[in-house]
Amino acid sequence: MKRTHHCNELRPAHAGANVILDGWVHSRRDLGGLIFIDLRDREGRTQTVFDPSELPPALFDQASHLRSESVVRVSGTVRIRPEGTRNDKIATGEVEVLVRSLEVLNTAEVLPFSIDDPEVANKVNEELRLQYRYLDLRRPEMARNLRTRSKVAIATRRYLDEQGFLEVETPTLFKSTPEGAREFLVPNRRDPGTFYALPQSPQQFKQILMVSGVERYFQLARCYRDEDLRADRQPEFTQVDIEMSFIEREDIYALVEGLLKRVWKAAMDLDIPAPFKRISFHEAINRWGIDKPDTRFGMELVDFTETFRASAFKVFAGAVASGGVVKAINAKGMAGATQGQIETMTDHAKSLGAKGLAYIKVEGGEWKSPIVKFFTQAEKDALVSGLAIEEGDLVLFAADPWLNACEILGKIRLYCADVLRSQGRLSFDPRRFDFLWVVDFPLLSFDKEMNRWYSSHHPFTAPVAEDIPLLKQDPRQVRGQHYDIVVNGVELGGGSIRIHQPDVQRTIFEDILQIPPDETRLRFGYMLEAFKYGAPPHGGIALGFDRLCAMLCGTSSIRDVIAFPKTAKGTCLMTDSPSPASARQLRDLHLEVKTAPPKA
RNA sequence: GGGGGUGUAGCUCAACUGGUUAGAGCGCUGCCCUGUCACGGCAGAGGUUACGGGUUCGAGCCCCGCCACUCCCGCCA
């Protein structure tokens, strides 16, 4: 006999029904003359009661020895719990199942960590959770994350299907493309010394699909990058990859806004307002010091370049004289910052090339600062009105070239927010999401060390049409048709309108990026070839699916929304991979390992 | 590649300035308990203080090395 209900289904209306439930023993409360066992399955929990007056002694004894997480099937009668014993913490708390029979489908050994108490389980060492991932995934929090991820994937597919997109799979055995992230290589048995590479993204295939006439393509694409990991970076991850033909930037904005509205509704039942705010790259840097600003809090950067142009404080005046800027932020209420915190902020500044970090602590009605003695009253007045300085504030300065100064304060701004959050003095509504498009990125950046230009995004990004004449005259001024979608300071995705005219593409490759024609042919030849035969104007975007899910699940680590993630060193603790290959495998692949393999 | 943090019982943690037999809660085992839901009560078992060296009369604690996990920088077109 199979189960008749799941464990989150029974209600008072079922009273009197004979039911069969399957599940795991979530917890046992043995009162001696009466045993309660909470049975758990994917859907929820139901209390079952073992009453010796209703059961053979052997069965009752068996129940008293049931261990947590053993798998059982019980049959019995649903009844409404006696008055005063209802449990309003669980959905089935008004009823219980009076057990008539018990079948132990599988016993569980004593667990390496307890999974029934969320407060305990949340603190368990992640190492252990990853080693016993199947137990970790049984926890309601993790099961909920898996479910949310599934809902988001399905909502994405439904929405894009409605919008006329085709889901097309692209190869994971791809060609090595030396630009960009380090790749995982796959040796080719059939031709010694040749290799596939796992794709960093399906970028080139999706553009080829536009040439193929697909017009609207999407894929929940697995991508691989052999770079060092972070809480929000795994060596393999998933992108919602999208590409469309005959469109402009506005079409992508509208499409993605519709998609995210659908996804937020499906996962959180939250209606997010669209269209999203749009901010230029320049404004993002200028106001928040970062290209993915968290706009949930203020502390914006304020410019004081003119105030200090002729200042007696030579550090500021000198920076302005050499073409730089003077900017400041007011870290509200942080005058009490410790020496260590100031030092950390100074280190941030120094890591970006600053010589130090000027600051003013506003404490006890006076400005405590090594530099304030150089300031005139007019300069002080400008600071007070520009930064709304009050008692208890901490003002931090950067005097450097514009981009540098902004990035320094941008880092410090985020650090200050972290400090305030950890002190409980800054908090965010978990259902608040500040979406914004960051647009008008520079198409090209200059690498001083290599003395050459490189693509800010990738070499297929189209310049803004009106900027094309500037390509050869003043590359720095050329804006790319690139866009990033940012939520609460997290870069959720980015994309661009692509170049579809071969001559513009050639200009970028050969004149700007200075890639020799034969190398271009070697690396992108098949693409340039394809583009000769009628490439439609097209563009697209890729969203980080794991980050998206993490955000919807309220966690900052994408490991919490990936069923079987890797550790920070790229290993899987459950399967103990990667692991050495056998001599025979290596021989077949024409490979020789030079350093000693790790001990097996 | 670099910097920070962590590692003590199955789990979460404690252990003063280096000083007696390394403790607690939960879990586990046994006994008691008929309305619990973090059930309660009594008793008990359980430790190579990640690992390897060193300093010391004496090391969980100090020093060197090493491993694992984690956060960050670099890196991630």
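Computed from heavy atoms alone, side chains included, the values below leave out hydrogens, waters and symmetry copies. Quick note on labels: first sequence line is chain A, next is B, and so on, each numbered from 1.
- Note on A:Arg559: a side-chain N or O is less than 4.0 Å away from OP1 or OP2 of B:C71.
- A:Glu183 comes within contact range of no nucleotide atom at all, as no heavy-atom separation falls under 4.0 Å.
- Donor-acceptor pairing under 3.5 Å, judged by distance alone, is present between the side chain of A:Arg230 and the base of B:G74.
- Side-chain N/O atoms of A:Ser114 include none lying less than 4.0 angstrom from OP1 or OP2 on B:C11.
- Among B:C75, B:A38, B:C37, the nucleotide with an atom closest to any side-chain atom of A:Glu227 is B:C75.
- OP1 or OP2 of B:C13 has not a single side-chain nitrogen or oxygen of A:Lys123 nearer than 4.0 Å.
- Taking every side-chain heavy atom of A:Arg233 into account, B:G74 is the closest of B:G10, B:G74, B:U70.
- Using a 4.0 Å cut-off, some side-chain N or O of A:Thr571 falls inside it from OP1 or OP2 of B:C69.
- In this model, no side-chain donor or acceptor of A:Glu127 finds a partner on the base of B:U70 within 3.5 Å.
- OP1 or OP2 of B:C39 sits under 4.0 Å from a side-chain N or O of A:Arg29.
- With distances taken from any side-chain atom of A:Arg67 to the nucleotides B:U70, B:C73, B:U29, the minimum falls on B:U29.
- You'll find a donor-acceptor pair under 3.5 Å spanning the side chain of A:Arg81 and the base of B:C37, going by distance alone.
- Nucleotides B:G46 and B:C11, compared at atom C1', are 13 Å apart to the nearest Å.
- Using P as the reference atom, B:U12 and B:U56 are 36 Å apart when rounded to the nearest Å.
- Comparing the P positions of B:G23 and B:C37 gives an interatomic distance of 32 Å, to the nearest angstrom.
- A donor and an acceptor atom sit less than 3.5 Å apart, one in the side chain of A:Arg79 and one in the base of B:G35.
- Remark: A:Arg547 fails to qualify as a cation-pi partner of A:Phe237 under the 6.0 Å distance and 45° angle criteria applied to the six-membered ring.
- Under the 4.0 Å criterion applied to side-chain N and carboxylate O atoms, A:Glu96 and A:Arg79 are assigned as salt-bridge partners.
- In this model, no side-chain donor or acceptor of A:Asn125 finds a partner on the base of B:G7 within 3.5 Å.
- For the pair A:Lys89 and B:A38, the criterion of a side-chain N or O lying under 4.0 Å from OP1 or OP2 is met.
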